[in-house]
Structures are given as structure tokens and as C-alpha cells.
Amino acid sequence: SSSRCRNEDDVMKNFKDYIEPSGLNEGIDYNHYLEKYSPDTSYCVGWMDGSINQWMRFSKLMEVGVEDGDSVLDVGCGVGHMVDYLKDYHYSVEYTGLDINDNAIKIAETRHFRGQEQFLSGNIFEVNLEKKYDWVLASGTFNVGVSEELMWDILKECDKRTTKGIAFNLLSKPYID
């Protein structure tokens with residue numbers, strides 16, 4: 001039987017190869033959407049099926065059991081639309097958003113500058129998270145050409161960061177102009 005086990009250096013190399021500009025998958029670089037569309041719309045992160053569908057995806061993730069008082073790590077948070085959803089539906093959670101796109105994080109911090117939310121720029125393998133979270137959520141994170149192998153590596157890393165569980169979705173590529 002083949003083993004999925006590899007050392008952490010191999011995992012980091014695969015991730016860095018994936019996000020480096022020389023091998024950058026077109027889907028992960030959604031800066032052109034950030035420049036073209038308002039950060040208040042789902043279009044700015046490439047979800048061309050609209051905010052209503054984005055809210056439905058968030059709703060499905062919450063069904064895993066997210067409750068008031070829980071802590072949430074949103075992996076691939078983009079500009080923080082999940083925060084808007086949580087507020088609209090009166091969830092009272094401790095939220096941390098993580099994204100590898102520095103521009104998206106800057107926009108998220110601007111959009112939510114008065115909130116208690118925290119936004120971090122970086123990847124799940126390298127960012128210094130000082131605690132474990134009740135839930136790790138990922139909406140659309142794996143829709144950007146992430147290989148199955150890298151997806152499993154990211155999910156394993158997410159598992160190390162949670163006390164209750166992980167919820168994520170796997171959808172068709174949303175990047176349509």
C-alpha cells in the first residue's frame with residue numbers, strides 16, 4: 001500500500017511550489033477580482049454566482065455545529081465575508097481569518113476594523129497560531145486548483161489546530177468572468 005506520510009519539509013516545499021509566482025495557479029491569484037469588484041460583493045474573490053450562494057455555502061459549514069462562544073479559524077478567508085455572514089445571522093464567535101493573499105487580508109482588516117475579528121496573512125503551515133480553535137472552516141479554499149495531495153496535507157494541519165472539528169466544501173471552480 002502506498003503511504004501518504006511524508007516529512008514536513010516535503011509538505012512545505014509542495015505548498016511553496018504551489019504559491020510561488022513561477023508556478024502560481026491562475027485561480028489562487030484573485031487580485032484582479034479584488035481590483036475590479038467591490039469588496040462587499042462575492043465577486044471580489046471570484047465567486048461569480050453571487051452573495052446569496054456564498055451565504056448558502058457558509059450556512060452549510062455552520063451546520064457542523066458552530067455555536068455561540070465557539071472559536072473559528074477561517075482558512076482562506078479572503079476579504080472576511082464569513083464575518084459578515086456570522087454577524088447577519090447573530091453568531092457570537094471568536095473569529096480568526098487566515099489567507100495567503102496579503103491584499104485580501106488588508107481589505108478584510110479595513111472592512112472589519114472595529115470588530116473583534118483577527119486577520120492573519122500567511123499559510124496554515126507557517127503562520128504562528130497561538131492556540132487551538134473549536135472549529136476550522138474553509139469555504140472555497142480547495143477550489144483554486146489545489147492538488148488532492150496538498151488538500152489532504154492542509155486538512156491534516158487544520159486537524160492539529162482544532163478541538164471540535166473541520167468543515168470545508170469542495171465545489172466547481174468559481175472563477176468565471
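Note that the structure is a prediction, hence the values are computed from the model and not measured.
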query = Between Gln54 and His81, is any pair of side-chain heavy atoms under 4.5 Å apart?
reply = yes
query = In Å and rounded to the nearest 0.5 Å, what is the OH to CG distance from Tyr133 to Asp74?
reply = 11.0 Å
request  = Say whether, by atom type as modelled, one donor and one acceptor occur between the side chain of Arg161 and the main chain of Lys131 under 3.5 angstrom.
outcome  = no
request  = Tell me who clusters with Leu86, hydrophobic residues only, linked when side chains sit under 4.5 Å apart either directly or through other members.
outcome  = Trp55, Phe58, Leu61, Met62, Val64, Val66, Val72, Met82, Val83, Tyr85, Tyr89, Tyr91, Val93, Tyr95, Ile105, Phe119, Trp135, Leu137
task = Go through the steps to decide whether Val45 and Tyr33 satisfy the test side chain to side chain contact (heavy atoms under 4.5 Å, CB included), and finish with yes or no.
result = CA-CA 6 Å; Val45 290; Tyr33 294 115; over 6 Å; no
task = Taking all non-hydrogen atoms of both residues into account, name the closest pair between Asn123 and Phe125 and its distance.
result = OD1-N, 2.8 Å
remark   = Closest non-hydrogen atoms of Ala108 and Gly78, given as atom of the first, atom of the second and distance, are CB-O, 4.0 Å
query = Between Glu157 and Lys160, does at least one N-O distance fall below 4.0 Å, as a salt bridge requires?
reply = yes
request  = Can you sort out the partners of Ala104 under side-chain contact (heavy atoms from CB on, under 4.5 Å), two or more places apart, ordered by chain and number?
outcome  = Tyr30, Leu34, Val79, Asn101
ask   = What are the two closest heavy atoms between Ile166 and Thr162, and how far apart are they?
value = CG1-CG2, 4.1 Å
inquiry  = Under the criterion salt bridge (charged side-chain N to carboxylate O under 4.0 Å, His left out), I'd like the reasoning laid out for Glu117 against Arg111: C-alpha separation, chi angles, the key distance, then a yes or no.
reply    = CA-CA 11 Å; Glu117 302 80 21; Arg111 291 181 74 239; over 6 Å; no
query = Any donor and acceptor pair, going by atom type alone, linking the side chain of Asp99 with main-chain N or O of Ser121 inside 3.5 Å?
reply = no
key: Close side-chain approach of Lys60 to Asn169, heavy-atom, < 4.5 Å   = no
note = Here the pair of heavy atoms bringing Ser51 nearest to Ser42 is N-OG, 3.3 Å
task = Check the pair Leu155, Phe168 against side chain to side chain contact (heavy atoms under 4.5 Å, CB included), reporting the backbone distance first and the verdict last.
result = CA-CA 9 Å; Leu155 290 172; Phe168 63 96; 3.6 Å; yes
key: CD1 on Ile154 to CG on Leu150, rounded to 0.5 Å   = 4.0 Å
query = Quick one: does Leu120's side chain get under 4.5 Å of Thr96's, heavy atoms only?
reply = yes
ask   = Shared ILVMFWY cluster between Phe142 and Met56, side chains joined below 4.5 angstrom?
value = no
key: For Ser92, side-chain contact (heavy atoms from CB on, under 4.5 Å) partners two or more places apart   = Asp68
message = So for atom CD, which belongs to Gln116, do other residues, nucleotides or ligands contribute more than 12 heavy atoms lying within a distance under 6.0 Å?
response = no
request  = Before giving the answer on side chain to side chain contact (heavy atoms under 4.5 Å, CB included), spell out for Val146 and Thr141 the whole-Å C-alpha distance, their side-chain angles and the decisive distance to 0.1 Å.
outcome  = CA-CA 8 Å; Val146 175; Thr141 304; 5.9 Å; no
query = What's the shortest heavy-atom distance between Tyr37 and Thr41, and which atoms?
reply = CB-OG1, 3.9 Å
remark   = Residues Gly122 and Ile100: closest non-hydrogen pair is O-CG2, 3.2 Å
request  = Answer yes or no: is there a donor N or O on one side and an acceptor on the other, between the side chain of Ser71 and the main chain of Asp134, under 3.5 Å?
outcome  = yes
message = Show, in sequence, the C-alpha distance, side-chain angles and deciding distance for Leu73 and Lys132, and conclude whether the side chain to side chain contact (heavy atoms under 4.5 Å, CB included) test is met.
response = CA-CA 9 Å; Leu73 175 63; Lys132 285 192 171 195; over 6 Å; no
